[in-house]
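First comes the structure, then the notes that go with it.
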Amino acid sequence: MSADARTRLGDRRIRRRRAIDRLMRGLLWLAAAVAAIPLVLVLAFVLIQGLPAFNLALITQDPVPAGFPGGGVAPAVVGTLIMVGLGTLIGTPVAVLTGIYIREYAGGRGATGIRFLIDVLAGIPTIAVGLFAYGLVVVPMGTFSGLAGAVALAVIIIPTVARVTDEMLGLVSGSVREAAYALGIPPWKTIVRVTMPAAATGIVTGILLGVARIAGETAPLIFTALGNQRVTASLAEPMDALPLRIWVYASGPYDAWHQQAWAASLVLVLLVLTFSILTRFVLRRRAARLA
Amino acid sequence: MSAPAAEYGRVPALLAQHRPRHGEPAFRALVILASLTVLAVIAGLVVVIARESLRGIAYNGPAFLWGTTWDPVHSVFGALPFIYGTILTSVSALVLAMLIGVGVALFLAELAPRWLAGPVGFMVEMLAAIPSVVYGLWGIFVLAPWIRDYVEVPLHDTLGFLPFFTGNPIGIGNLEAVVVLTIMVLPTVAAVSRDVVAAVPLSQREAALALGATRWETIRLGVFPYARSGIIGAGILGLARGIGETMAVTMVIGNAPTISLSLFSQGYTMASVIANEFTEATTDLYRSSLIEIGLLLLIVTLLINAAARLLVWRVAYGASARNVLA
């Protein structure tokens with residue numbers, strides 16, 4: 001083979017490799033584009049379909065009889081507020097203290113072990129958490145209840161908040177702790193008065209993100225809170241929730257229901273997106289400042 | 001006092017010795033108690049669900065796993081249609097989500113210009129934040145009619161002789177469930193894979209580039225082998241998410257306990273039968289059998305999650321933390 005022929009062969013190979021390179025890079029760009037489409041579509045439809053019924057009546061009025069226009073989903077709004085609020089109150093302290101234990105006390109293997117278990121807890125299907133709350137609260141009480149729903153939501157918020165606390169405490173520089181120790185402040189007081197305040201913004205936004213998440217949960221509420229046509233503040237009786245109402249309305253045959261389901265979805269999506277964007281913004285700023 | 005550097009970490013302990021107070025042990029007890037509570041919740045999940053399903057387990061026996069008839073009226077409980085539906089939809093969705101998700105991960109970590117990587121990564125993470133029931137609503141009213149008219153009908157007309165495309169395309173069934181699930185599994189796969197790929201040492205890429213590799217060859221030869229086990233872990237995490245996903249699937253799959261190869265056929269998954277039938281379960285046995293399905297679901301997802309976390313952690317420790325938060 002002459003040198004000339006070898007060069008030509010090499011040229012061909014290079015050209016082929018470059019062609020494959022271009023093709024694969026194109027496919028990766030395509031994958032990114034395809035992945036971005038669903039979000040745009042879902043948000044666009046929720047906005048367009050949800051806006052017409054997105055008004056004050058939606059959150060202040062009781063449902064009207066099936067098939068009639070008008071009315072609102074007030075019982076669902078109230079129920080979601082109560083159960084999400086109570087679930088957060090139950091779950092958050094446990095989760096924050098667990099996060100503190102992992103980061104400040106557990107040390108090496110202990111921390112890894114608990115983090116692992118918490119990540120596994122985060123991966124459990126939320127419908128299984130609902131079954132847990134059913135067996136734990138509904139069976140002994142003998143009735144579906146807002147309390148049972150709140151317990152299920154409390155379990156679901158724990159992994160998010162525990163891991164946020166863990167991560168945020170990890171961002172606080174060691175020299176801050178050492179400065180406190182040097183002043184003779186005991187570790188627990190250092191955590192409560194120095195480390196936690198330094199990490200507070202991040203932890204609070206993490207909690208808000210967790211709140212937004214559990215506000216959108218449906219599966220764990222089906223056989224705990226059950227749903228209710230009327231506004232109730234009693235934790236001992238069935239309670240409505242926005243996601244439950246969306247499910248019922250979406251599965252029904254009436255246009256008025258569908259409209260309200262879209263509008264209620266808009267409420268949930270706005271809630272989740274606001275807190276997600278906020279969290280991302282705050283976390284990034286803190287990570288940059290504390291690093 | 002001339003404490004050497006090595007003594008640094010022991011200072012708090014020394015202080016505690018010198019000035020005994022109750023604050024420290026009390027606070028320590030408090031945080032340990034909280035951690036034990038979390039561990040108790042995890043154990044309690046298994047125990048309580050197992051207890052509630054005892055009646056079903058005793059009545060149904062092991063045939064529960066391969067029984068094909070689900071007839072609550074006559075107290076015949078076979079879970080195979082649900083197990084089949086769960087595997088069919090979640091595995092199909094995973095395959096699609098892996099193709100797109102690993103592509104997105106490589107794009108974000110290797111190709112994307114910085115100004116684009118941020119927004120695209122954010123959009124993919126936002127996919128995970130949208131509530132399941134909203135996907136279900138969108139699935140019923142937007143996605144399903146579209147798939148029926150532009151995907152199912154042409155497929156039925158041209159390839160209707162294949163077992164995958166038999167039956168009437170009505171826009172509710174396995175295919176719709178697979179598409180919705182793909183969208184919901186995608187962020188898990190993409191986000192975890194991206195962290196794994198980003199954790200591959202720069203030297204791997206530099207070595208490949210120095211040998212004259214193209215960008216794709218760098219990815220294929222330098223990055224991919226290093227990230228492979230982590231990417232597999234990401235896939236398994238996605239599988240667990242797909243298996244446990246409830247509402248969106250329930251709303252579009254049609255909820256019929258049939259075992260069919262056809263993508264147009266209505267189906268049922270383990271999670272969706274629990275969601276759909278639990279409040280209608282009229283007898284204790286019926287309810288307990290549904291909880292037995294829940295127990296199965298719980299055990300499977302626990303094992304899958306544990307395996308996946310271990311795989312991912314080996315490659316990118318801490319990556320999964322970000323994904324709990326993402």
Taking [options] one by one, which has the highest count of heavy-atom pairs under 4.5 Å against chain B?
{"options": "A:Gly135, A:Ala215, A:Ala261, A:Ala162", "result": "A:Gly135"}
{"options": "A:Leu273, A:Leu28, A:Leu244, A:Leu23", "result": "A:Leu28"}
{"options": "A:Leu131, A:Val272, A:Leu266", "result": "A:Leu131"}
{"options": "A:Val269, A:Val34, A:Thr98", "result": "A:Thr98"}
{"options": "A:Val155, A:Ile20, A:Leu121", "result": "A:Leu121"}

Under 4.5 Å from any heavy atom of chain B - which part of [X]:
{"X": "A:Val42", "result": "both"}
{"X": "A:Ile37", "result": "neither"}
{"X": "A:Val96", "result": "neither"}
{"X": "A:Leu271", "result": "neither"}
{"X": "A:Leu226", "result": "side chain"}
{"X": "A:Ile124", "result": "both"}
{"X": "A:Val46", "result": "side chain"}
{"X": "A:Val161", "result": "neither"}

Can you tell me which portion of [X] sits under 4.5 Å from chain A's heavy atoms? Options are side chain, backbone, both or neither.
{"X": "B:Thr214", "value": "both"}
{"X": "B:Arg220", "value": "neither"}
{"X": "B:Ile219", "value": "side chain"}
{"X": "B:Met123", "value": "both"}
{"X": "B:Leu39", "value": "side chain"}
{"X": "B:Tyr135", "value": "side chain"}

**Q.** Pairing residues for A:Arg25 by the salt bridge (Lys or Arg N to Asp or Glu O under 4.0 Å) criterion, not counting sequence neighbours
**A.** A:Asp21

Restricting to non-hydrogen atoms, name the atom on [X] and the atom on [Y] that form the minimum distance, rounded to 0.1 Å.
{"X": "B:Ala213", "Y": "B:Thr218", "result": "CB-OG1, 3.9 Å"}
{"X": "B:Val180", "Y": "B:Gly139", "result": "CG2-CA, 4.4 Å"}
{"X": "B:Pro131", "Y": "A:Gly216", "result": "CB-O, 3.6 Å"}

Taking every heavy-atom pair that is under 4.5 Å apart, which of [options] has the most such pairs with chain A?
{"options": "B:Val38, B:Ile130, B:Leu45", "result": "B:Leu45"}
{"options": "B:Val124, B:Val120, B:Ile32, B:Thr37", "result": "B:Ile32"}
{"options": "B:Leu36, B:Leu137, B:Val41, B:Ile183", "result": "B:Leu137"}
{"options": "B:Val104, B:Val48, B:Leu186, B:Val46", "result": "B:Val48"}
{"options": "B:Ala190, B:Ala112, B:Gly44", "result": "B:Gly44"}

Q) Is it true that A:Glu217 and A:Arg213 have a side-chain N and a carboxylate O under 4.0 angstrom from each other? A) no

Q) Going by an N to O cut-off under 4.0 Å, is there a salt bridge joining B:Arg215 and B:Glu110? A)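 Result for this pair is no, no salt bridge flagged.
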
Starting at [atom1] of [X], measure out to [atom2] of [Y] and round the result to the nearest 0.5 Å.
{"X": "B:Thr269", "Y": "B:Ile274", "atom1": "OG1", "atom2": "CD1", "value": "8.5 Å"}
{"X": "A:Ile100", "Y": "A:Ile191", "atom1": "CD1", "atom2": "CD1", "value": "6.0 Å"}
{"X": "A:Glu178", "Y": "A:Thr190", "atom1": "CD", "atom2": "OG1", "value": "11.0 Å"}
{"X": "B:Phe141", "Y": "A:Gln49", "atom1": "CZ", "atom2": "CD", "value": "9.0 Å"}

Q) By number, which residues in residues 291-301 of chain B have some heavy atom less than 4.5 Å away from chain A? A)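 Those residues of residues 291-301 of chain B which have a heavy atom under 4.5 Å from chain A are B:Ile291, B:Gly294, B:Leu297, B:Leu298, B:Thr301.
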
Q: Quick one: sort the A:Tyr101 and A:Tyr105 rings into parallel, tilted or perpendicular, breaks at 30° and 60°.
A: parallel

Q: Tell me, with the steps shown, if A:Arg177 and A:Glu104 meet salt bridge (Lys or Arg N to Asp or Glu O under 4.0 Å).
A: CA-CA 10 Å; A:Arg177 293 184 184 85; A:Glu104 305 285 338; 2.8 Å; yes

Q: Give a yes or no on whether the backbone of A:Leu242 and the side-chain of A:Thr80 come within a donor-acceptor separation of less than 3.5 Å.
A: yes

Q. Side chains of A:Ser276 and A:Thr279: do they bring a donor and an acceptor to under 3.5 Å?
A. no

Q) Under 3.5 Å, is there a donor-acceptor pair between the B:Glu52 and B:Ser288 side chains? A) no

Q: Walk me through it: do A:His258 and A:Tyr249 pass the test ring-ring contact (aromatic ring centres under 6.0 Å, His included)?
A: CA-CA 6 Å; A:His258 299 164; A:Tyr249 279 7; 8.9 Å; no

Q: Begin from the C-alpha positions of A:Glu167 and A:Arg115 and carry the test salt bridge (Lys or Arg N to Asp or Glu O under 4.0 Å) through to its verdict.
A: CA-CA 11 Å; A:Glu167 294 293 310; A:Arg115 277 184 197 130; 5.3 Å; no

Q: Kindly determine whether B:Phe278 and A:Tyr134 satisfy ring-ring contact (aromatic ring centres under 6.0 Å, His included), including the steps that lead there.
A: CA-CA 11 Å; B:Phe278 197 91; A:Tyr134 173 83; 4.8 Å; yes

